[in-house]
Participant: 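Mind having a look at this structure? Questions to follow.
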Protein chains: 2
Amino acid sequence: MGTTGRRLRADAERSVRTILEAAERLLRENPGATMEQIAEAAGVARATVHRRFASREALIETMTISAWQEIAEAVDAARPYTAPPLVAMHQATANVLQIKSGWRFALGALPQSGAEAARIHDEVMAKCDVVFTRAREAGLLRQDADPLWARQVYLALIGEAAHSSAAAKPLSGGDLDALATRVIDTLLHGLAPHRPT
Amino acid sequence: MGTTGRRLRADAERSVRTILEAAERLLRENPGATMEQIAEAAGVARATVHRRFASREALIETMTISAWQEIAEAVDAARPYTAPPLVAMHQATANVLQIKSGWRFALGALPQSGAEAARIHDEVMAKCDVVFTRAREAGLLRQDADPLWARQVYLALIGEAAHSSAAAKPLSGGDLDALATRVIDTLLHGLAPHRPT
DNA sequence: GATATCTGCAACACTCACGTCTCAGTTAAC
DNA sequence: GTTAACTGAGACGTGAGTGTTGCAGATATC
C-alpha cells in the first residue's frame, strides 16, 4: 500500500484519508471494530475500503506508518540536535502531543519489529535518547539516572497527557504548551513541593 | 460464573485456576488469542473451558474481577488509612506491583462501567485518593498539584514498572522494594538532580 | 465401593467478518 | 467531450472461532 505503483486520482486520495481517519476514530474506542463499521463511519462502501487497503492488516499498517512518520517530523521540527535541551524537550513534547492525540490507536502498541513503522520508531527513539543525553550533560537529569527508565517515564507521561486531552479535540496551541510544561515539569521535578534553594 | 450455585469438585477448581492463568499468559501477548489456544496452553480440552466459563466474555470478566480483588487486598494490606502516607504508598506500590505483574492483561484496560470489576476498581481508586490526600497534607505533595494528574502519573509509573519487570517472572521481595522505591521517588522528585538543601 | 462429578474427544450448527467479483453509474483528468 | 478511474450496491465463497452436545472413561467424594 501507499507506495503502490500509479498515483491515485484526487477523489481516491480523499477516500484514503477519510478511511484512515475513521479507522483511527473507531479503533481507538474498539480495537475490534469491523471493516464494515469503519467503512460506514467513513461514509464509504465496504468494498471501497478493500479496494484501497488489501486487508485489515494492511490498513492498520498504513495507519501506523503514517502516524510514526508524523511523529518523526514532529521530533525533527524541535531540532533535537541543536536546540538547547530544555527547549528541544519542550518543543518536541508539544509537537508529539499534538500528533499523538490524533493517532492514539495507531501509536498505541509499538510496531512489530521488521515492519517499516518499526524502523521509524527506532529512529525516533534514538533521537529521543540523544536529547536525554544532552539534557543529562546540561545538568537537567541526574548523572546516575537509568536512561531506559527515564525514557520510559517520559513516554508514559506523554501518553497520559495525550490521554487526558481526549475530550478536547482540536487542542489549541496554549493547551499544548501547558500540557508540555506539565509533562516536562513532572518528569524533572515530580510532584513533591520544591525544596527551598 | 464464580458464584454460580454448587461448590466445584477439587479437580474442577484446579482446572479453573489453570485456565485463568493460561488465559492471562496468552492474552497478555496476543489479546486475540483463541479459546482453543488458551485451552491448549492450559493443558485442557476446549470443551472444558466452555464448561467452566459460559463464554469468552465471561472468562475475561472472571479474570478481571479476580485480578481487581487481589489488587484491592494488596492495597488494604498497606493500611492506607492509618499507616504514615509515605509508608502506605511504598507498601501499596510494592504489593500492587506484585499483583500487577501477574495480571497484566486482566488489569490492562479499565473495567467497563457497570461490571462488578468496575465497582472494585472504583473502591481502589478511592483509597488511592485517600492516600494521596493524606500525603499532600503531610507535605509530601505540592498543595497545588492536580489530584487527577497525580493519580494518573502514579498509575502510569506503576504500569511502567510492572512492564519492565516482564522478564523476571517471580519478582523477589528485594526487586519489589527497589521498584517501589523507584516509582515513589520518581513520582515525588522526578529525574532532575536533587537541589542542594 | 457406590455415586456424582469431571474430563477428553469428536462431531455439529451457527455466526460473523473477511476478501472477491461484477456491473451500472458517477466523477476527475487530459 | 472523451477516456480512464473511482464508487456503491449486492451477491458470493470461505475460513475461523464460538458454543453445544453425547458418550465413554477417569477421578473425587462420601
Side-chain angles (χ1 to χ4, degrees), chain A residues 1-64 66 105-106 109 112 115, chain B residues 1-64 66 105-106 109 112 115:
Chain A
M1 289 291 96
T3 359
T4 307
R6 190 185 62 268
R7 278 183 67 88
L8 293 176
R9 224 172 68 175
D11 52 351
E13 198 112 28
R14 219 179 316 138
S15 288
V16 171
R17 279 285 171 89
T18 317
I19 293 169
L20 288 175
E21 285 165 15
E24 164 62 36
R25 209 164 354 110
L26 275 265
L27 292 171
R28 178 183 303 178
E29 293 181 5
N30 171 22
T34 303
M35 295 294 261
E36 174 82 52
Q37 296 174 298
I38 293 174
E40 189 185 347
V44 128
R46 190 170 66 93
T48 299
V49 179
H50 281 103
R51 272 188 207 105
R52 297 291 149 233
F53 303 96
S55 69
R56 179 196 176 80
E57 202 185 351
L59 166 60
I60 293 180
E61 191 188 340
T62 304
M63 290 171 61
T64 310
S66 176
F105 169 80
Q112 46 195 8
Chain B
M1 289 293 96
T3 0
T4 305
R6 191 186 60 268
R7 279 184 66 90
L8 292 176
R9 225 171 68 176
D11 51 351
E13 199 112 29
R14 218 179 317 138
S15 287
V16 171
R17 279 285 170 90
T18 316
I19 293 170
L20 288 175
E21 286 165 15
E24 165 63 36
R25 208 161 1 107
L26 274 266
L27 293 171
R28 176 183 303 175
E29 294 181 3
N30 172 22
T34 302
M35 294 295 260
E36 174 83 52
Q37 297 173 297
I38 294 174
E40 190 185 347
V44 129
R46 190 170 65 92
T48 299
V49 179
H50 280 104
R51 273 189 206 101
R52 297 289 149 236
F53 303 96
S55 68
R56 178 195 178 81
E57 202 183 354
L59 166 60
I60 293 181
E61 192 187 341
T62 304
M63 291 171 60
T64 311
S66 175
F105 170 80
Q112 45 195 10

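By convention in this document, chain letters (A, B, ...) are assigned in the order of the sequence lines, proteins followed by strands, and residues within each chain are numbered from 1.
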Participant: Starting from P on C:dC6, measure out to CZ on B:Arg7 and report it in whole angstrom.
Facilitator: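 Result: 12 Å.
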Participant: Can you check the B:Glu57 CD to C:dC16 P distance for me, whole Å?
Facilitator: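 It works out to 14 Å between those atoms.
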Participant: What's the shortest heavy-atom distance between B:Ala33 and B:Ile38, and which atoms?
Facilitator: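 Taking every non-hydrogen atom into account, O-CD1, 4.5 Å.
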Participant: In whole angstrom, what separates B:Ile60's CD1 from D:dG19's P?
Facilitator: 10 Å
Participant: Rounding to a whole Å, what distance do you find between A:Phe53:CZ and C:dT20:P?
Facilitator: 14 Å
Participant: In whole Å, I'd like the distance from the CZ atom of B:Arg56 to the C1' atom of C:dC16.
Facilitator: 14 Å
Participant: Separation of A:Ile38 atom CD1 from C:dG19 atom C1', in whole Å?
Facilitator: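 The distance from CD1 of A:Ile38 to C1' of C:dG19 comes to 14 Å, rounded to the nearest Å.
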Participant: Once you apply a heavy-atom cut-off of 4.0 Å, does A:Gly43 come out as touching a base, just sugar-phosphate, or nothing?
Facilitator: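 Here A:Gly43 touches the backbone only, sparing every base.
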Participant: Look at B:Arg25 together with B:Glu21 and state whether they make a salt bridge at an N to O cut-off of under 4.0 Å.
Facilitator: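 No, B:Arg25 and B:Glu21 are not salt-bridged.
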Participant: So which atom in A:Glu57 and which in A:Gln112 form the shortest heavy-atom distance, rounded to 0.1 Å?
Facilitator: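 So the minimum-distance heavy-atom pair works out to OE2-NE2, 4.5 Å.
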Participant: Can you list, pair by pair, the side-chain donor-acceptor contacts under 3.5 Å of residues 8-16 of chain A, counting residues two or more places apart and other chains?
Facilitator:
{"from": "A:Arg9", "atom 1": "NE", "to": "A:Asp11", "atom 2": "OD1", "distance (Å)": "3.2"}
{"from": "A:Arg9", "atom 1": "NH2", "to": "A:Asp11", "atom 2": "OD2", "distance (Å)": "2.8"}
{"from": "A:Ser15", "atom 1": "OG", "to": "A:Asp11", "atom 2": "O", "distance (Å)": "3.3"}

Participant: Could you write nucleotides 21-30 of chain D as a row of B, S and -, 5' to 3', where a protein heavy atom under 4.0 Å of any base atom gives B, of only sugar-phosphate atoms gives S, and otherwise -?
Facilitator: BB----BSS-
Participant: For B:Val16 and for A:Glu36, locate the closest nucleotide of DNA chain C by heavy-atom distance; then report the residue assigned to the nucleotide nearer the 5' terminus.
Facilitator: B:Val16
Participant: DNA chain D: B:Thr34 or A:Ala12, which has the more 5' nearest nucleotide?
Facilitator: A:Ala12
Participant: Grab the CZ-P distance between B:Arg52 and C:dT5 for me, whole Å please.
Facilitator: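 So the two atoms are 11 Å apart, to the nearest Å.
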Participant: What's the NE2-P distance between B:His50 and D:dG19, to the nearest Å?
Facilitator: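 Those two atoms, NE2 and P, are 4 Å apart.
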Participant: Which heavy atom of A:Met63 sits nearest to which heavy atom of A:Ala106, and what is that distance?
Facilitator: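 For A:Met63 versus A:Ala106, the nearest heavy atoms are O-CB, 3.9 Å.
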Participant: So, under a plain 3.5 Å distance rule, would you say the side chain of B:Arg46 forms a donor-acceptor pair with the base of D:dG17?
Facilitator: no
Participant: How about B:Glu24 and B:Arg28: do any of their side-chain heavy atoms sit closer than 4.5 Å?
Facilitator: yes
Participant: Can you confirm whether A:Gln37 is buried at CD, in the sense that more than 12 heavy atoms of other residues, nucleotides or ligands lie under 6.0 Å from that atom?
Facilitator: yes
Participant: Give a yes/no answer on whether the side chain of A:Ser15 brings an N or O atom under 4.0 Å of OP1 or OP2 in D:dC6.
Facilitator: no
